[in-house]
Asks: 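Have a look at this one.
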Amino acid sequence: MNRKLTIVIVMAVGFVLSACQSTDVELCRDEHPHRSDVNFTFDFSGNLEKPDTMTVFAIRNLNLLRYYMLVDVKADGKQPSTGNILAVTPEKFHEPAEIIEGTTNHRLTLHTGDYDLLAFSGNPEYYETNLEQVLRGTVDYVDSLRVFYHSYRNTNDHDSLKKFVKWESENTYSDFIIGGDKRPLYVAENTLTIPKKDSPTPIPCHFSAHNISQHITIEFDIDKTNNSSAIVDSIVCELSGIPCGIYLFSRIVDVSRTFKTLFKPRLDPKPASQSGANKVTVVGEVWVTGLMRSAASSYTTGPGILCFRAYIHTSSGKHHEIPAYINLFNVLSDPTTSSLIRMENGDIKQRSMELYIKLTPAILDLDKYQITSDEAIGIDAWWSPLGADTDIPVDI
């Protein structure tokens, strides 16, 4: 259901943007419209990595007024944020932003009135948004407010990807996103009243943020039974099929395009304790908008493909790099383990906030430099090409 800007109802993120009842609002013909400073502070749930910036969208429904701000997040969550006012609409309310002396930051102010506010992860290196179009009226409905990933074609295009600079993707259908391995998308809501008279002290506005990314845990074993002396030093994974964005108010997932993310999973036992062990358990985690499956179980590229490279050394001192691939078609087709669900009206949403995927064991064969699966297991299977690089100077 669409809601026009003048009557905004936000259900999916847990709060209601309701029409303001106060009539204590200055009119645009006022000679000196009243404004007050606002102190934005943030509290983030859980122990995940916190964003360094948040976008703040403030809407006053009576005598419609909308603000778009980009503010930083202080480490302790108690100090007020600093930042910039990027847009104010309608333009008749827009006045030159006042720069705080000695900084590039603006005074963060709001005009008189009752506001509903939405804050969400705003670092433009990670995310993009259509908020400016929503503010300027080129998008008619607030339900169109969408956050979508900023993507990067190559691993040398951003500092966060350079730790994977040696990675060579065989699944080149789409770009990489950054932060999927550690940085979820945060959203927070609040309401605020700015008094008719200018406040002598900044008005506090505290946001309690929560994660709206789907937490996906992927686990599998590397079977070393025939190569128990080999040591798996590290694993690098590439996961494809991450939907490009999400609508903040309705929580509809945008699957018009999908991306990839890189991450390094945990190993158990760790390399120092692996000698003689018949298996190594691999556990990786990502926080993303969701995960789209492949169009068919036979596809080797496109969305819904997990690839890893195992960096292994043997008692002879040689280092090996062995790639492996698996199409997650079956696990993502199962209603109990699928990432996304199609609603009756056709909308796509996250099936749950937590998704655990247990994959069939990957069998290591150092004689052929391959990783395969037990053919008797009739589910998603691992494969790797022959002729993998059998001697590399170092692992990554």
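The structure displayed is predicted, hence computed values, not measured ones. Nothing fancy with the numbering, it's 1 onward along the sequence.
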Asks: Donor-acceptor pair, distance only, cut-off 3.5 Å: does the side chain of Arg66 make one with the backbone of Val134?
Replies: yes
Asks: Does the side chain of Tyr67 reach to within under 4.5 Å of the side chain of Ile59, using non-hydrogen atoms?
Replies: no
Asks: Is there a donor-acceptor contact under 3.5 Å from the side chain of Asn154 to the main chain of Asn156?
Replies: no
Asks: Please step through side-chain contact (heavy atoms from CB on, under 4.5 Å) for the pair Val282 and Leu267, ending with a clear verdict.
Replies: CA-CA 5 Å; Val282 180; Leu267 303 179; 3.9 Å; yes
Asks: Is it the case that the ring center of Tyr127 lies less than 6.0 angstrom away from the ring center of His150?
Replies: no
Asks: Is any side-chain heavy atom of Lys224 less than 4.5 Å from a side-chain heavy atom of Gln274?
Replies: yes
Asks: Could you give me the CA-CA distance, side-chain angles and deciding distance for Asp233 and His319, then say whether side-chain contact (heavy atoms from CB on, under 4.5 Å) is met?
Replies: CA-CA 9 Å; Asp233 295 301; His319 288 78; 4.1 Å; yes
Asks: Hey, are Asp181 and Lys264 close enough for a salt bridge, meaning a charged N less than 4.0 Å from a carboxylate O?
Replies: no
Asks: Any side-chain heavy atom of Leu248 sitting closer than 4.5 Å to one from Val187?
Replies: yes
Asks: Would you find a donor on one side and an acceptor on the other, under 3.5 Å apart, between the side chain of Thr112 and the backbone of Pro195?
Replies: yes
Asks: Quick one: does Tyr68's side chain get under 4.5 Å of Val56's, heavy atoms only?
Replies: no
Asks: Under the 3.5 angstrom rule, does the side chain of Gln214 hit a backbone N or O of Ser352 as a donor-acceptor pair?
Replies: yes
Asks: Establish, yes or no, whether a centroid distance under 6.0 Å links the rings of Phe176 and Tyr152.
Replies: no
Asks: Does the ring center of Phe308 lie less than 6.0 Å from the ring center of Phe220?
Replies: yes
Asks: Look at the side chain of Asn84 and the backbone N and O of Leu86, then say whether any donor-acceptor pair between them is shorter than 3.5 Å.
Replies: no
Asks: Would you find more than 12 non-hydrogen atoms of other residues, nucleotides or ligands less than 6.0 Å from Lys279 atom NZ?
Replies: no
Asks: Could you state the interatomic distance from CD1 (Ile246) to CG (Leu145), rounded to the nearest 0.5 Å?
Replies: 11.5 Å
Asks: Output yes when a side-chain donor or acceptor of Asp365 lies under 3.5 Å from a complementary backbone atom of Lys368, and no otherwise.
Replies: yes
Asks: Do Leu117 and Thr191 touch side chain to side chain, with heavy atoms closer than 4.5 Å?
Replies: no
Asks: Are the side chain of Ser373 and the backbone of Trp382 linked by a donor-acceptor contact shorter than 3.5 Å?
Replies: yes
Asks: Does Arg60 reach the main-chain N or O of Leu64 with its side chain, forming a donor-acceptor pair under 3.5 Å?
Replies: no
Asks: Do Asp37 and Leu108 make a side-chain contact, defined as non-hydrogen atoms from C-beta onward lying under 4.5 Å apart?
Replies: no
Asks: Can you find a heavy atom in the side chain of Lys74 that is under 4.5 Å from one in the side chain of Thr82?
Replies: yes
Asks: Walk me through whether Glu285 and Ile216 qualify under side-chain contact (heavy atoms from CB on, under 4.5 Å).
Replies: CA-CA 6 Å; Glu285 298 175 271; Ile216 301 176; over 6 Å; no
Asks: Other residues, nucleotides and ligands only: do more than 12 of their heavy atoms fall within 6.0 Å of CZ on Phe263?
Replies: yes
Asks: If I compare all heavy atoms of Ala381 with all of Ile326, which pair ends up nearest, and what's the gap?
Replies: O-CG1, 3.4 Å
Asks: With no hydrogens and no angle check, is any side-chain donor or acceptor of Thr109 less than 3.5 Å from a backbone partner on Arg35?
Replies: no
Asks: In sequence, state the C-alpha distance, the side-chain angles, and the governing distance for Trp167 and Arg309, and then conclude on side-chain contact (heavy atoms from CB on, under 4.5 Å).
Replies: CA-CA 9 Å; Trp167 181 264; Arg309 283 193 173 90; 3.4 Å; yes
Asks: Return the orientation label for the Trp383 and Tyr325 ring planes: parallel under 30°, perpendicular over 60°, tilted otherwise.
Replies: parallel
Asks: Any non-hydrogen side-chain atom of Thr55 less than 4.5 Å from a side-chain atom of Leu131?
Replies: yes
Asks: Are any side-chain N or O atoms of Ser228 and backbone N or O atoms of Thr225, one a donor and one an acceptor, separated by less than 3.5 Å?
Replies: no
Asks: Identify the two heavy atoms, one from Arg293 and one from Ser333, that lie closest to each other, and give their separation to 0.1 Å.
Replies: NH1-OG, 2.6 Å
Asks: Measuring centre to centre across the rings, with the benzene-like ring taken for any Trp, is Phe44 within less than 6.0 Å of Tyr186?
Replies: yes
